[in-house]
Every structure is written in C-alpha cells, then in structure tokens.
Amino acid sequence: MEMEKVYNSKNVEEKWYKYWIENKTFSAKPDKNKKPFTIVIPPPNVTGSLHMGHALNNTLQDIIIRFKKLQGFNTLWVPGTDHGGIATQSVVERMLKKEGKTKYDLGREKFLEKMWQWRTETGDTILDQLKKLGCGLDWDRTAFTMDEVRSNAVKKAFIELFDKGLIYRGKRLVNWCTHCGTALSDIEVEYEDEKSNLWHIKYPFKDSEGYVIVATTRPETMLGDTAVAVAPDDERYSGSIGKIMILPLVNKEIKIVADYIVDKSFGTGAVKVTPAHDATDNEIAKRNNLELIEIIDISGKMINVPEKYAGLSVIEARKAVVADLEEQGFLEKIEDYSHSVGRCYRCSTTIEPLMSEQWFLNVSGMSKNAVDAANEEKTVFVPQSWKKPYVLWLENLRDWCISRQIWWGHRIPVYYCVDANGQRKADCKPKAAFETPKECVCGCKDFVQDNDVLDTWFSSALWPMSVFGWGDGDNNEDLKYFYPTSALVTGHEILYLWVARMVQFGMEFMKDIPYSHVFIHGIVRDKSGKKMSKSLGNVIDPLGIMDKFGTDALRFALTQSAAPGRDMQVSDESFLAARNFSNKIWNASRFIIMNLEGIDKLEDNINPAELADEWVIAEFTNTAKKVTSYYEAYDMDSAARELYDFFWTKYCDWYIELSKIRMTSTDLKVKKQVLEILIYILKSFLQLISPIMPFITAEIWQILNGEKSAIIAESQLQITNDELQINDESIKKMSVIQDIITKIRTIRSEMNISPAAQIEAFFNVLDSANENAVKDNESYIKQLAKLGLLSFGKDIQRPKNSALALANGFEIFLPLDGLIDIEKEKARLSKEIAAAMAEIERTNAKLSNENFVKRAPEIEIEKIKARLNEANLKIEKINDSLKFLG
RNA sequence: GGGCAGUUAGCUCAGCUGGAAGAGCAUUUCCCUUACAAGGAAGGGGUCGGGGGUUCAAGUCCCUCACUGCCCACCA
C-alpha cells in the first residue's frame with residue numbers, strides 16, 4: 001500500500017463521510033440487548049451556516065457518540081433543524097424588501113409559501129456542512145421543528161397545557177419589538193449599557209406652592225404618568241403622600257403614593273410612575289390601584305397624549321417633551337447617565353414595554369419539578385457550577401409569554417366561534433384543538449383560528465421528545481427506548497432559552513428528565529478574546545479551516561481547548577499545530593506500514609521482548625486508562641492533550657526511534673515481534689483518538705487492517721483497563737536511559753559535534769544500582785546518542801580533553817580531543833557547578849530546619865538528602881574533570 | 001446590586017487530593033539522520049495578579065484587594 005508522504009485530508013475526508021452516510025454507520029434502532037446512549041442535536045436554525053460555535057458544539061457531541069460506540073453502546077445522535085421563528089422570517093422579509101415588497105403585499109398564505117420555498121431550497125445547508133465535519137448522525141431520523149410529526153407534538157403539548165388551564169390569554173405588560181412587530185419573552189431581551197441622560201423634572205403640587213423633582217431616563221413617558229412614588233419611610237416626603245400634583249404638559253392630576261420598591265437614596269427619592277410602559281411602574285400601579293394609560297402603540301408611536309405629541313415616534317416625543325419642559329420651566333437639570341437598555345435579541349431594536357393581549361404559560365409547577373430534578377442530581381451539570389444559576393433562574397421565573405405576532409411558526413391551535421359577520425363571539429370559550437372544530441356547543445359551525453404563532457422555543461422545548469415521535473400517534477417504541485437521552489451538549493448562551501425549558505416540558509409531559517447530563521462548553525473567541533462576529537470582522541470560518549488544514553485538525557484544535565464551561569480562544573496557529581499532529585500520525589503509520597513489506601503474517605497478541613517494549617506498553621496503558629476516564633467525564637480537552645503527548649513524545653520520539661534497531665535486523669522474527677507491538681499500540685491509539693479525529697484514523701485503520709471492511713467506527717475498543725500489565729519498573733529503568741541519552745545529546749549539541757560523528761563514550765560506574773539496566777540496553781544509547789563505541793568500567797581513566805556528563809550513578813566521559821572547545825566545556829561545567837551549589841544551599845536549608853526534619857514524612861526527607869548527595873558528588877566530579885581540561 | 005469564572009514563559013493555555021514550575025506557538029543553535037523540515041536534537045525565557053494567613057512545605061488550601069470576562073436583577 002502506497003501512502004503519500006504528506007497526509008492529504010481532502011481525498012480521505014470525502015471518501016469517508018460518504019461511506020458513513022451510504023452505509024448508515026451511525027443509524028440505530030431500539031435493541032433490548034444493548035444499552036442505548038443517546039444525544040439529540042441542538043437543532044441549528046435553518047438560516048444557519050456552520051460557524052465555529054457549531055463546529056465546536058457538534059465536534060464535542062460527535063466525540064461522545066463515537067467513543068460510546070467504541071465502548072459498545074447502542075449509540076444514537078439525532079439530527080435536525082429549527083424553523084427559527086423571527087430570525088428566519090426576517091431573512092425572507094429582507095429578501096422581499098430587495099424586491100420592494102413587504103410580507104403584507106403577499107398576505108399570510110403567499111408569504112408562508114415563500115418561507116417554505118426558501119426553507120426547502122437552502123434550509124439544509126448546515127446539515128450538509130455537519131456531514132463534512134464528520135458528524136456521526138443518524139440521517140434517516142433528520143427532524144425539523146415544523147415538519148408534520150413535530151407540529152403534532154406542538155399541538156398536543158399546547159392542547160394539554162391549555163386544557164389544564166396552564167395556558168391563558170391576558171393583557172399584560174410585555175416586551176415589544178417595534179421592528180419585528182411582536183412580543184418577546186423576558187429572556188429574549190438583551191440588556192446593554194448605554195450612555196444617556198437623567199432628566200430631572202419638576203412636578204408641581206396642586207394645592208400648595210412647591211414641587212417634587214423626579215429623575216427619569218425616559219422623559220417622554222411622563223405623558224402617561226399616573227402617579228409619583230416615594231419610599232414609605234422617606235422623611236422628605238412623609239407629609240406629601242396622598243397629595244395631588246399637576247402633571248406638566250398634560251395638566252392632569254396625579255397623586256403621590258408610597259411604595260417599598262422606591263430607593264430613597266437614588267436621585268431625589270421620587271419616581272414618576274408610568275404603569276403602561278415600565279415593568280416596575282406596572283407593579284407599583286397594581287399595588288396602589290393606579291390608572292393605566294397606554295401612550296405608545298405597537299409601532300412605537302405616541303397615542304393618547306396631547307395633540308402636539310400624538311403620532312410622534314418615541315425619540316421625537318422625547319425631544320419635544322424635553323424642549324417643552326425646559327421652556328415652561330419644569331426642567332430642573334440634565335445629568336449624564338449610563339444605564340442598561342433592553343434590546344431585541346434578533347434585531348437589536350430597543351424594546352418597548354407595553355400592554356398587549358398575549359398567550360402566557362404558567363410555568364410554576366414545571367419549574368418546581370425541574371428544580372427538584374436538578375437538586376436530586378437527576379440532571380447533572382458538567383461543569384457543576386452551572387447548576388446554581390440554573391436553579392436560581394427557574395425559581396424566579398415569571399410566566400412565559402408564548403405568543404408571537406409573526407407568521408412563520410406554529411400557529412396557535414386555538415379556535416374561536418364567529419358570527420355571520422366573521423366576528424368572534426364573546427360568549428363562547430375559545431377551544432384548543434388539532435383541527436378546526438366541526439361544531440361549537442353554542443351550535444355555531446364557523447370558526448377562525450388565532451392569528452398568533454408560538455415562540456420558536458416552544459417547539460424546541462419539546463425536541464428531545466418530539467424527535468422520537470411524541471404526540472404522533474401510538475408509535476412510541478423509539479421514545480420508550482431512547483428517552484430520556486443521555487447527554488445534552490450546548491453552550492451556556494441557551495441554558496435558559498432552551499435547556500431549562502426542555503427539562504420543564506420533559507417533567508410535564510414525560511414525567512421524566514429529557515437527559516441525565518448537561519455538558520456546557522464555552523464560547524469560541526478570537527485570538528484576542530473577543531467574541532466572533534461578522535461586524536467585528538474576526539470570524540474564522542470553519543469551512544475554510546477544514547479546507548486549509550483538514551477537518552481532523554479543526555476538530556482536534558477545538559477539542560484541545562474546550563475545557564468544560566470555559567470560553568476558548570482559537571487562531572490559525574492552533575489549527576496549524578493540529579494539522580502538524582495529523583501529519584505526524586500519518587507518517588508514523590506510514591513508517592510502520594512501509595516496514596510491513598515482505599512480512600507475511602503478524603500475530604494479534606504481543607510479546608514484549610525487551611525494556612522498550614515493556615516501557616511503551618506501560619506508558620500506553622496508563623494513557624489509555626486516563627483517556628478513557630477523561631472521555632467518560634466529558635473532559636475531552638484532557639483526553640486530546642494526553643493522546644497528543646503520548647503519541648508524539650513517547651511513541652514517536654522514543655519508541656519508534658528505538659524500534660529502528662530491530663527493524664533492520666536480518667532475523668525476521670525479531671522484526672515481526674517489534675512490529676506487532678508497534679501495530680498493537682498504534683491501533684489502540686487510533687481507536688482512542690478516532691472520536692476526535694475520525695477521518696485520518698478511519699483511513700489508516702483500513703490500510704493497517706488490509707481490508708476494505710475494516711471500519712474503525714464500528715470496532716470495539718481493544719484496550720480494556722485490565723488487559724495489559726503495567727511494569728512500573730520499566731518506566732523507571734527507561735527514564736535512567738533516557739536521561740543518559742539526553743545528557744550526551746546536550747553535550748554534542750553544545751559542543752557542536754556533527755550528528756554524523758560517531759563518537760566514543762566511557763561509562764565510569766560510581767553506583768552500581770543502574771549498572772545492569774544500562775549495560776543491558778547500551779544499544780539504545782548507541783542508537784539515539786549516536787555513539788560508535790561504548791565501554792564500561794569501575795576505574796576508568798579520564799581521557800584527555802573529554803566532556804563530562806553525570807547521570808544516574810555514572811560518570812560519562814566523551815573524549816573529544818580535537819573536536820572540543822576547551823573554553824566552552826569549562827563554561828558549561830562552571831554553570832553546572834553553580835546550579836549544584838544552589839541546590840546544596842536549598843537542600844541544606846531544608847535539612848537544617850528542625851521542623852522539617854521532625855514533621856515531614858520520611859520519604860520526603862530521604863529525597864532531599866539524596867538531592868544533596870547528588871549535588872555534592874556533582875561538584876566533586878566536575879572539579880576533577882576541570883583539572884583534566886586544557 | 002448579586003452571582004460565577006479567570007489572572008502561571010512574549011502569545012494561547014495545562015498543572016488532580018499541597019512536597020524541586022509544564023506543553024504548543026514564537027525565539028536561539030545545530031541537522032534535509034532512508035516515517036515525518038508540516039520534521040529531529042539541544043538551549044534561552046516564569047519571584048505562578050498584589051497583600052495577608054494556615055503548614056515543616058503553597059501555583060495548589062483559607063482570607064482580602066485589584067483587574068478582566070460572563071450571567072442575573074424592579075440601575076427611576
């Protein structure tokens with residue numbers, strides 16, 4: 001098998017992702033004999049194109065799925081997309097705008113046709129990109145939040161909640177986006193600090209001289225004020241409570257009320273109350289029975305105000321009101337002030353709180369159940385630190401505004417009887433139903449459906465159930481087997497928007513949590529720690545990275561820096577490093593495969609014959625154990641680092657290099673024996689890293705196994721924790737030899753000895769503890785330190801002009817007469833003496849500390865003593881050596 | 001205002017239950033040694049944010065301050 005010298009990701013990737021799809025490698029069916037491990041994808045919006053956040057999120061899910069599959073679980077990862085409500089509708093609206101049209105020009109029906117057409121044409125882009133990313137999803141199960149099955153789930157959920165009385169309609173203060181033309185839920189509002197002013201306005205008393213000064217960030221809303229509120233215990237106003245004031249510009253009588261929520265230390269301690277356009281004021285109004293005047297309509301224009309201001313936008317009204325207040329002497333002062341302003345999470349338009357008729361869901365019961373599930377550890381958070389904010393959020397939740405005044409989405413399945421003129425009949429109750437009702441109890445047969453659609457997150461909240469057919473007839477074998485799912489993998493930005501609500505709905509409808517583990521990863525940031533955004537121009541496109549460095553490199557780089565719950569910074573360098581790693585894997589494999597030429601058959605079992613074999617097996621076993629437990633703890637970043645470190649610094653740098661001695665052996669048995677170990681470990685390594693790097697491992701696995709049917713994703717982990725015996729002794733012995741080799745190399749490097757020069761070395765044995773281990777493996781030292789001759793002795797005479805290395809009970813002389821720079825060697829040795837002196841000082845300080853000797857464990861004291869002895873010996877020997885130089 | 005993270009080499013980050021500071025990138029020197037120059041070997045570089053404390057011993061535990069980031073809140 002010919003392998004290219006450089007790993008060519010493109011050919012390999014195309015071949016394999018097609019293979020996985022065509023062969024349905026990742027499809028799963030209920031199987032009572034196997035344990036399921038299930039994940040449902042956080043469905044990306046149909047507007048989506050793969051960005052780094054998706055790449056990270058889906059890579060992590062894929063790692064979990066692929067690893068569990070290697071462990072023998074019946075794994076299932078369900079793909080799908082979300083219709084994305086407002087976000088998607090506005091994409092199509094923008095397209096219409098380019099043609100100079102609005103959705104109203106088309107009308108609801110035609111507009112929705114357009115939406116569906118768009119969704120059919122481009123809505124699956126992101127799923128294709130996930131295929132390129134290598135995601136092991138069961139594509140036959142691809143779901144869409146607005147397909148028939150999911151729509152039925154939504155209807156069923158709505159009707160159940162409606163019939164339980166949990167869904168109700170009411171006119172309340174809601175967050176209104178004037179741009180999107182719809183109400184939003186509380187969490188769909190994002191707050192951002194904004195520089196503004198604090199206007200201080202005088203409200204004069206009606207029956208006496210004087211006035212009260214109120215401070216406000218929204219002077220225009222004074223037109224809708226119905227009171228001024230002060231703190232009940234504010235002495236400045238204790239005599240004024242109940243007094244009547246004249247509202248400037250409007251000339252309306254309003255009174256002063258007392259309310260606990262007013263902070264007397266803020267501003268003047270007096271607050272203007274606009275019950276119809278401020279949440280706090282609305283609360284005050286409820287407590288004090290205040291009148292409610294709506295002065296801003298859903299288009300953001302002023303209404304119910306003096307003629308002069310009617311029809312103005314909020315901004316215009318603000319200017320006019322401030323100007324008039326100033327002119328009429330009501331403006332005390334204007335201060336600079338910075339405060340947070342609510343904005344629409346989709347279009348960033350400033351949110352207008354206003355009164356509106358909406359559908360609400362009472363969530364108190366399901367919230368409590370969700371909190372209990374978290375407290376009983378039925379839902380486990382990784383990292384655990386997310387549990388607290390999650391629980392806190394659920395505990396303070398207000399009813400969820402679930403209706404939206406847009407067209408794209410699940411139309412609310414509520415029907416109203418209408419009279420002959422098409423007017424809703426006031427005396428008939430609205431009905432929630434799957435289909436338009438045939439007949440009402442009142443006898444009428446004409447119905448209209450509610451115009452609103454549901455919050456897109458309503459259907460998302462049903463996702464872990466609806467993907468398995470919940471609400472779609474009796475076909476729920478999948479639901480029984482796969483629900484609750486095993487893990488949910490997501491970023492923290494949708495913890496409340498989505499995660500919490502799935503738990504609420506799961507508890508409500510299934511009486512069980514939707515998933516047992518919530519793995520929360522961080523956000524991908526750019527090199528300087530900024531969030532990636534199109535406006536900042538710092539977006540790194542994962543498709544570009546896949547193209548340039550390979551998908552495995554992208555995945556590895558992301559995984560390596562994905563510590564649970566922490567944001568990560570990525571840059572081209574990190575992908576480059578990962579690309580180099582994939583090339584390293586490729587070439588190490590290539591080396592082994594090249595050496596298989598002429599070898600007919602290898603055994604599956606391995607027979608360690610010498611130190612390096614035992615050592616590499618011990619090291620690998622340790623690595624495999626660690627990696628397994630890392631994966632199981634969702635610690636994928638540690639798994640990635642551990643595998644990288646083992647493979648590069650242990651397997652390649654040491655073991656492969658040492659294997660070359662036997663690789664050139666004329667005895668085929670010797671060569672076979674080392675190849676068996678090399679392959680055994682390589683294959684196990686490939687399995688362990690295949691969840692992170694599925695493409696390159698699939699390719700090498702197939703080549704190594706020499707047959708087309710060898711599919712790594714379908715293999716079972718060959719390393720189990722007890723299979724291989726760890727010989728700790730081999731690690732100790734090996735480290736002695738590695739240390740000797742490194743020291744000789746250092747001398748060669750510092751003395752500029754050509755790598756080609758086969759120099760001699762004399763090992764004077766000072767301490768026989770390691771003598772045999774080193775003698776037995778002198779071929780290692782010769783090979784890796786490039787020595788021509790190596791001799792041992794007890795009283796070896798120091799050759800003239802030789803360099804000195806002290807290591808593990810040996811005094812090593814490298815006769816370098818003619819090659820050595822005497823001054824350089826003297827300088828090098830002096831430096832070592834200085835280091836040894838410092839060591840003596842440190843260790844002596846410890847040993848002369850009575851408390852240390854008295855309280856530290858014996859083993860620590862012995863260690864320090866040994867270090868002191870070594871330092872002393874070092875100085876003695878180096879001094880000896882210095883005498884022989886020059 | 002409350003909460004949660006983070007602060008370790010020039011940059012990005014590891015360092016588990018406390019016992020001599022690590023990796024990658026960058027940098028310096030040498031090397032195209034027949035797996036890999038997308039590579040190999042060796043080196044330089046850190047008083048682990050400041051200050052206290054516990055301990056024989058603290059990057060690691062406790063307190064406190066500072067800064068950065070994020071989340072939550074009825075910041076008029």
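Throughout, protein chains are lettered first and strands after them, A, B, ... in sequence-line order, and every chain is numbered starting at 1.
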Open item on the list: Tell me the interatomic distance from R641(A), atom CZ, to rA23(B), atom P, rounded to whole angstroms.
Closed with: 14 Å
Open item on the list: Let's test your reading of the model: under 3.5 Å, does the base of rC13(B) pair with the side chain of S561(A) as donor and acceptor?
Closed with: no
Task: Salt-bridge present (R867(A), E870(A); N to O < 4.0 Å) - done: no
Task: Separation of the C1' atoms in rA37(B) and rA57(B), to the nearest angstrom - done: 46 Å
Open item on the list: Taking any heavy-atom pair under 4.0 Å as a contact, classify N849(A): base, sugar-phosphate, or nothing.
Closed with: sugar-phosphate
Task: Stepwise salt bridge (charged side-chain N to carboxylate O under 4.0 Å, His left out) test for D278(A) and R218(A) - done: CA-CA 10 Å; D278(A) 182 278; R218(A) 297 204 59 187; over 6 Å; no
Task: Side chain K584(A) and base rC36(B) donor-acceptor under 3.5 Å - done: yes
TODO: Would you tell me if any nitrogen or oxygen in the side chain of S589(A) comes within less than 4.0 Å of OP1 or OP2 on rA35(B)?
DONE: no
Open item on the list: On RNA chain B, compare the nucleotides closest to I656(A) and Y496(A); which residue's is nearer the 5' end?
Closed with: I656(A)
Task: Polar side-chain contact R745(A)-rA42(B) base: donor and acceptor under 3.5 Å - done: no
TODO: Please name all residues satisfying ring-ring contact (aromatic ring centres under 6.0 Å, His included) with F695(A), sequence neighbours left out, ordered by chain then number.
DONE: W20(A)
Task: Contact nearer the 5' end of RNA chain B, comparing E750(A) with V262(A) - done: E750(A)
- [ ] Could you measure between the two C1' atoms, the one in rC74(B) and the one in rG69(B), and give it in whole Å?
- [x] 26 Å
- [ ] Considering just the side-chain nitrogens and oxygens of K660(A), establish if one lies under 4.0 Å of OP1 or OP2 belonging to rA35(B).
- [x] yes
